[in-house]
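By convention here, the first residue in the shown sequence is residue 1. Values below: every heavy atom of this structure, side chains too, minus hydrogens, waters and symmetry copies. Only a predicted model underlies this, so the values are computations on that prediction, with no experimental measurement involved.
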Amino acid sequence: MTITADDLDAALAGLLATVGVATDRDWKTVAGTGEWDCRHTAEHLGDCLLSYAAQLVARPADRYVRFQAAAEKDASAAEVLEFAVTGGGILAAAVRSAAADVRAYHPMGNADPEGFAAMGCAEALLHGEDMARGLGLHLEPSRDLCTRVLARLFPHVDPGSADTDSWSVLQWATGRLDLPDRERPTRWRWYGAPRQES
């Protein structure tokens, strides 16, 4: 099972289709299960995705590239969302252009291009749902993509039986959702490095 730049494009398209219809709502409402509002969550998402792209381009072995990206203070909700999706598009381009043997720093394991694509998908899906909840909506991502993100980033998490909803498991694995047969994790991590290298 692999995760590609096309998967990241699809995750971003789903995010845009879901929350893009709500840019006329109050983006100062608290997003999902966190403490940030929807605007800050979208801005964080854009910064994360741009940071991942920078890692693949600069390829530092032991640190993040030293920059921070933010939307302009007077940017509208639509423009902050555009910033987030643009960050994802730049990451997808970096994933497409990087050789498979490239490795770059991430605190949860030096990752290859697939790892950064998977982390980008996870960020887009999870923060997308955070924003959607804050706006009274719900994200409905591809369950196949959720299954592959779980397998790549959370190899230690039991995905459950074939009828277990992988989107629910992904949200549970990151402390965002209760599942009836599992205690919600209070601390969690994913693994960015290829499995044979982690």
Side-chain angles (χ1 to χ4, degrees), residues 3-23 25 27-28 31-60 63-98 102-135 137 139 141-142 145-146 148-149 152-153 170-171 174 176 190 192:
I3 299 186
T4 68
D6 290 345
D7 292 315
L8 180 56
D9 288 341
L12 292 164
L15 162 67
L16 189 57
T18 300
V19 299
V21 300
T23 55
R25 298 184 192 175
W27 279 52
K28 293 289 185 186
T33 57
E35 297 176 0
W36 294 339
D37 62 26
C38 293
R39 180 188 175 89
H40 186 150
T41 302
E43 193 169 45
H44 166 77
L45 176 59
D47 180 48
C48 276
L49 298 175
L50 285 168
S51 292
Y52 292 169
Q55 294 306 98
L56 279 174
V57 171
R59 302 174 190 162
R63 62 174 169 76
Y64 274 114
V65 174
R66 300 292 300 267
F67 79 95
Q68 191 169 27
E72 294 178 355
K73 291 191 186 315
D74 63 347
S76 68
E79 290 166 337
V80 175
L81 180 58
E82 178 183 58
F83 166 71
V85 172
T86 298
I90 293 171
L91 173 58
V95 168
R96 284 185 176 97
S97 67
V102 164
R103 300 292 181 272
Y105 173 79
H106 188 275
M108 297 198 191
N110 284 7
D112 60 344
E114 181 190 11
F116 280 108
M119 290 186 284
C121 287
E123 299 279 7
L125 297 176
L126 295 163
H127 288 310
E129 175 64 6
D130 290 340
M131 288 185 280
R133 284 188 194 181
L135 297 166
L137 303 166
L139 198 67
S142 156
L145 177 56
C146 293
R148 290 183 287 122
V149 168
R152 178 60 170 82
L153 298 179
L170 181 58
Q171 291 176 84
T174 56
R176 287 171 162 80
W190 64 42

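- With rounding to the nearest 0.5 angstrom, the CD atom of E43 is 8.5 Å from the CD atom of Q68.
- Pairing each heavy atom of L91 with each of G120, the nearest pair is CD2-CA, 3.9 Å.
- In this structure, L12 and A124 approach most closely via the heavy-atom pair CD2-CB, 4.1 Å.
- The main-chain N or O of V65 is found under 3.5 Å from a side-chain atom of Q55 such that the two form a donor-acceptor pair.
- With hydrogens and angles disregarded, a donor-acceptor distance shorter than 3.5 Å links the side chain of W27 to the backbone of A22.
- Of all heavy-atom pairs spanning D112 and G192, the tightest one is OD1-O, 4.1 Å.
- W190 CH2 to H106 NE2: the interatomic distance, rounded to the nearest 0.5 Å, is 6.0 Å.
- Looking at heavy atoms from C-beta onward, F83 lies out of side-chain contact with E72 at the 4.5 angstrom threshold.
- Between R133 and R176 the shortest heavy-atom distance is NH1-O, 3.7 Å.
- By the 4.5 Å heavy-atom criterion applied to side chains, R25 and L137 are counted as neighbours.
- Once rounded to the nearest 0.5 Å, the distance linking OG1 of T41 with CG of L81 reads 12.0 Å.
- Rounding to the nearest 0.5 Å gives a distance of 11.0 Å between OG of S51 and CE of M119.
- Between V95 and T4, the closest side-chain pair of non-hydrogen atoms is not below 4.5 Å.
- Counting only distance, with no hydrogens or angles, the side chain of R39 and the backbone of A75 share a donor-acceptor pair below 3.5 Å.
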Exercise. Just do the side chain to side chain contact (heavy atoms under 4.5 Å, CB included) check on L15 and H127 with the steps written out, would you?
Key: CA-CA 9 Å; L15 162 67; H127 288 310; over 6 Å; no
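- Not one N or O on the side chain of T23 forms a donor-acceptor pair closer than 3.5 Å with the backbone of V19.
- No side-chain heavy atom of D130 sits less than 4.5 Å from a side-chain heavy atom of L45.
- In this structure, the side chains of D9 and R96 come closer than 4.5 Å at one or more pairs of heavy atoms.
- Between L49 and T86, every side-chain heavy-atom pair lies at or beyond the 4.5 Å cut-off.
- Interatomic distance, OG1 of T18 versus CG of L139, reported as 4.5 Å (0.5 Å rounding).
- Considering every non-hydrogen atom in both L145 and C121, the closest pair reads CD1-SG, 4.2 Å.
- The two atoms that bring Y105 and F116 nearest to each other are O-CZ, 3.7 Å, heavy atoms only.
- Residues M108 and L153 fail the side-chain proximity criterion, which asks for heavy atoms closer than 4.5 Å.
- Taken from CD1 in I90 to CG in L50, the straight-line distance is 5.0 Å, to the nearest 0.5 Å.
- A donor-acceptor pair under 3.5 Å is absent between the side-chain atoms of D47 and the main chain of A70, judged by distance alone.
- Counting heavy atoms from C-beta outward, R152 and E114 have side chains that approach closer than 4.5 Å.
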